[in-house]
There are 2 protein chains.
Amino acid sequence: MTHTYSIGALAEATDAKVETVRYYERIGLLPEPERTSGNYRAYTGDHLARLSFIRRARDLGFTLGQVRALLGLADNKNNDCCAVDAMARDHLTDIDRKIADLKALRRELNDLLGQCKQGTIADCRIIGALSPR
Amino acid sequence: MTHTYSIGALAEATDAKVETVRYYERIGLLPEPERTSGNYRAYTGDHLARLSFIRRARDLGFTLGQVRALLGLADNKNNDCCAVDAMARDHLTDIDRKIADLKALRRELNDLLGQCKQGTIADCRIIGALSPR
DNA sequence: GCTTGACCCTGTAGTGACTACAGGGTGCAG
DNA sequence: CTGCACCCTGTAGTCACTACAGGGTCAAGC
């Protein structure tokens, strides 16, 4: 007798929402499970493994499209590792760019706050910076 | 005779899309302009100033809700500056948190890539890290 | 067996900030 | 006049969820 999971149990085991699990099934990322006599979804350990993979990859910031690709690669053990490598490297490049953008943004806001003298809007350096010159 | 702008001209002047300009009008962020006899929107310099403000604030990462609040503050020159200040500070806190999150993510991906030895999926450290233990 | 509350189901729509498309009208240079 | 760029409205799509409506199922407790 193989152990099955309800959708709530599967969601809890993977720190996902029930609705998210149903969403992943709808978009084809997670295979449809068998159903109980009451029409409840009955997930297996394989579903648990797959969903864990998905959530972990999402936690690492991969898009669902990328997750789909990673799953495809993982499903065939003979695939070359370099495609995974390349995806991770591309993703790292994205992350580096986002960090740089955020740092530039932080610098600019800090500058504006540094000029802020506490008064009325008429004197406000931040509002002034947003307004056309 | 006051100068007016077509939607295309306004969009170009503010580095926005035409569709975005219409979107802002629909959500009430940008006031509806007069129309030409051909039913084309005829924007004024005031619209240009307001849209410039909006785009600039978006560039700084403020949400549209925050932009709406900033516009409200800017519209009354007698408002106290501290509300603007507080919004900018909150935003800075958000940015700091995002940077920290991205850095943690980068560290983790770097670790995984560092362990990557180039082989098949069966040996892949990244796939291994994503798969349940 | 009945009740009740937690959980499940499907279908649909909403979030935020855009973006794209369909189908049709306007303006103007050539 | 023609052709092309631009305009219009209305609707739907993107991404990754998230929420809600209305109804069914399950199981513990009485």
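The sequence lines fix the lettering, A, B, ..., with proteins before strands; numbering per chain opens at 1.
Annotation: side chain of B:T93 is not in contact with side chain of B:R97 (no heavy-atom distance under 4.5 Å).
Closest heavy-atom contact between A:P33 and A:A42: CB-O, 3.4 Å. A:V18 and A:A11 make their closest contact through N-CB, 3.9 Å (heavy atoms, listed as atom of the first residue, atom of the second, distance). A pairwise comparison of heavy atoms in B:G61 and B:Q66 identifies O-OE1, 4.4 Å as the closest pair.
Protein chain B touches strand DNA chain D; the 5'-most and 3'-most nucleotides with an atom under 4.0 angstrom of its non-hydrogen atoms are D:dC6 to D:dT9.
A straight line from CD1 of B:I7 to C1' of C:dT19 spans 14 Å, rounded to a whole angstrom.
Using a cut-off of 4.0 Å between Lys/Arg side-chain N and Asp/Glu carboxylate O, B:K98 and B:D94 are scored as not salt-bridged.
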Polar atoms only, N or O, under 3.5 Å: list the protein pairs with nucleotides 26-30 of chain C and their distances.
residue: C:dT26; atom: O2; partner: B:Y40; partner atom: OH; Å: 3.2

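Annotation: proximity of residues 17-31 of chain B to DNA chain C (heavy atom, distance under 4.0 Å) is found for B:K17, B:E19, B:T20, B:Y23, B:Y24, numbered in ascending order. Residues of residues 63-72 of chain A that place a heavy atom closer than 4.0 Å to DNA chain C do not occur.
In the hydrophobic cluster analysis, where Ile, Leu, Val, Met, Phe, Trp and Tyr join through side-chain heavy atoms closer than 4.5 angstrom, A:I127 is grouped together with A:L105.
Summarising the geometry, atom CD1 belonging to A:I54 is positioned 5.5 Å from atom CG belonging to A:L30; distances are rounded to the nearest 0.5 Å.
Applying the ring-ring contact (aromatic ring centres under 6.0 Å, His included) test to pairs two or more places apart or on separate chains, those with a residue in residues 70-127 of chain B are B:F62-B:H91. Note on residues 36-52 of chain A: pairs passing salt bridge (charged side-chain N to carboxylate O under 4.0 Å, His left out), not counting sequence neighbours, are A:E25-A:R41, A:R50-A:D75. Residue pairs that meet the salt bridge (charged side-chain N to carboxylate O under 4.0 Å, His left out) test with at least one member in residues 3-15 of chain A, sequence neighbours left out, do not exist here. The list of ring-ring contact (aromatic ring centres under 6.0 Å, His included) pairs with a residue in residues 92-125 of chain A, not counting sequence neighbours, is empty.
End-to-end axis angle of the helix from C:dG1-D:dC30 to C:dG30-D:dC1, from C1' rotation axes over five pairs per end: 20° (rounded to 10 degrees).
Remark: A:R125 engages no residue in a salt bridge (charged side-chain N to carboxylate O under 4.0 Å, His left out) (not counting sequence neighbours). For B:Y5, the ring pair (Phe, Tyr, Trp, His ring centres under 6.0 Å) test picks out B:H3, with sequence neighbours left out. Legend: residues meeting salt bridge (charged side-chain N to carboxylate O under 4.0 Å, His left out) with A:D96, ordered by chain and number and at least two apart, are B:R106.
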